[in-house]
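Reminder, nothing fancy here: chain letters follow the sequence lines and each chain counts from 1.
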Number of protein chains: 2
Amino acid sequence: MTSKQNTQQKILDAAERLFAETGFSATSLRQITSMAEVNLASVNYHFGSKKELIQAVLQRYLSLLMPRLDQEFTRLLASQQHNDLSKVLTVFVIPLLELNKVQNRGTTLFLQLLGRGYTDVQGHLRWFFNHHYGRTLDKFVLLVQQSCPTLPASEIFWRLHFSLGTIVFTMASNEALKDIAAADFNEIVEIDGVIKRLIPYLAAGIAAPI
Amino acid sequence: MTSKQNTQQKILDAAERLFAETGFSATSLRQITSMAEVNLASVNYHFGSKKELIQAVLQRYLSLLMPRLDQEFTRLLASQQHNDLSKVLTVFVIPLLELNKVQNRGTTLFLQLLGRGYTDVQGHLRWFFNHHYGRTLDKFVLLVQQSCPTLPASEIFWRLHFSLGTIVFTMASNEALKDIAAADFNEIVEIDGVIKRLIPYLAAGIAAPI
DNA sequence: TCCAGATTCAAACGTACATTTCAAACACTT
DNA sequence: AAGTGTTTGAAATGTACGTTTGAATCTGGA
């Protein structure tokens with residue numbers, strides 16, 4: 001029983017790291033199982049298929065993050081005062097950063113995986129995501145709309161997707177960017193630092209005049 | 001002789017379309033040659049390998065676009081007047097949109113390919129790009145710095161990468177975004193429309209107060 | 001201690017891929 | 001029209017992949 005848990009955990013740990021680094025389809029089950037030091041067949045035994053493994057890797061983070069976000073969004077929506085955009089974004093970011101507590105480099109890994117999910121695969125991940133967490137995201141969009149009452153909804157739609165691109169791409173090339181920043185500007189930047197830099201950029205972009 | 005040109009062209013046309021749609025590694029030479037209606041072996045005969053085909057597909061656009069951009073940047077740098085950020089971005093965008101003249105949907109295809117290049121592959125495309133066109137990009141960075149003289153160089157570095165992420169991600173998921181926009185807002189958006197929406201967003205983000 | 005169910009293991013299966021090979025077809029010059 | 005170099009064609013090669021299989025090995029309760 002404990003060894004089963006151990007094997008599943010080892011597979012998930014290795015898979016999330018490799019998936020984040022090189023993408024879902026470019027990572028083979030053989031790479032995963034050899035890094036996890038388990039048998040090749042154990043992925044199919046414990047998870048059924050590679051597709052289901054991918055979903056399980058994402059679920060580990062999503063099942064923690066999304067209820068937390070939902071709760072924060074609900075709280076903000078209930079408070080009848082005006083929430084400015086920076087505040088909304090900060091409320092979004094805090095639970096994201098807390099993923100670092102549950103797992104080493106958790107925030108970065110999760111965002112990288114999210115990015116892979118958008119660029120790697122065509123169908124099943126986006127469906128999976130919207131189906132499970134569409135309600136929560138709707139609340140976020142509503143909050144942004146309230147904070148920018150002059151912007152039409154379609155403009156907000158586009159700008160939020162632009163912002164998603166910023167976040168996802170930044171995290172996907174996070175390692176390279178950190179190296180360049182260190183070499184060119186003597187800057188040591190961790191994930192918190194990147195996110196702190198992101199917030200004013202995103203807030204200004206989303207709220208930009210048309 | 002004419003048939004050789006034809007075969008190469010047919011391969012490039014099919015390849016760029018499939019690469020943009022599903023990524024470089026997810027597209028097989030068999031898909032490409034069957035869409036192009038040429039023999040499987042002709043890719044290796046005309047281009048040497050799949051890797052070289054990828055570079056040839058990108059080169060078709062880059063060899064047009066980058067000298068054009070370089071010329072525009074040089075002109076702006078030479079004119080001793082102040083260039084504000086929107087103008088710099090617009091000068092960047094115009095040659096990009098002109099790719100539509102040389103090929104149907106050229107701009108979209110090129111930007112999608114660029115996005116794939118950043119997310120699909122790890123090494124050789126980024127090297128290829130910086131090695132051939134690093135000088136031109138430096139001029140662009142210089143222009144942005146001149147247009148935002150109060151921003152420290154390191155902040156501009158980060159914000160330009162944020163912006164690159166916005167562009168690349170938006171183009172990579174362009175088809176999906178268009179579909180959602182059409183379904184949710186009855187909006188028909190072409191590439192020009194997306195770029196027009198991007199510019200104020202990017203300009204505001206890059207120039208945001210710290 | 002022994003047994004049933006859970007887990008691991010090595011091996012194999014079928015499929016898809018990029019690339020190579022070599023003969024056939026072609027195009028162009030003389 | 002012949003001959004030469006270029007291009008195409010069909011087939012095969014070797015490799016890597018996800019998945020399946022069935023026996024071996026564990027594990028915890030009777």
Quick one, give me the B/S/- string for nucleotides 16-21 of chain D, reading 5' to 3', where B means a protein heavy atom under 4.0 Å from the base and S means that only happens at the primed atoms, P, OP1 or OP2.
-BBBBB

Between [N] atom [atom2] and [X] atom [atom1], what is the distance in whole Å?
| X | N | atom1 | atom2 | answer |
| --- | --- | --- | --- | --- |
| Asn39(A) | dG22(D) | CG | C1' | 13 Å |
| His46(B) | dT6(D) | NE2 | P | 12 Å |
| Phe47(A) | dA6(C) | CZ | P | 17 Å |

Donor-acceptor pair, distance only, cut-off 3.5 Å: does the side chain of Arg159(A) make one with the backbone of Ala208(A)?
yes

Has the side chain of Ser42(A) got a donor or acceptor atom that lies under 3.5 Å from a matching backbone atom of Val38(A)?
no

Report, as yes or no, whether the 6.0 Å neighbourhood of atom CG on Asp179(B) holds more than 12 heavy atoms from other residues, nucleotides or ligands.
yes

Return yes when atom CZ of Arg17(B) has more than 12 non-hydrogen atoms of other residues, nucleotides or ligands closer than 6.0 Å, and no otherwise.
no

Whether Phe110(A) and Tyr61(A) hold their rings parallel, tilted or perpendicular, with breakpoints at 30° and 60°
tilted

Using 30° and 60° as the class boundaries, would you call the ring planes of Phe92(A) and Phe140(A) parallel, tilted or perpendicular?
tilted

Determine: side-chain N/O of Ser42(A) to OP1/OP2 of dC9(C), distance under 4.0 Å, yes or no.
no

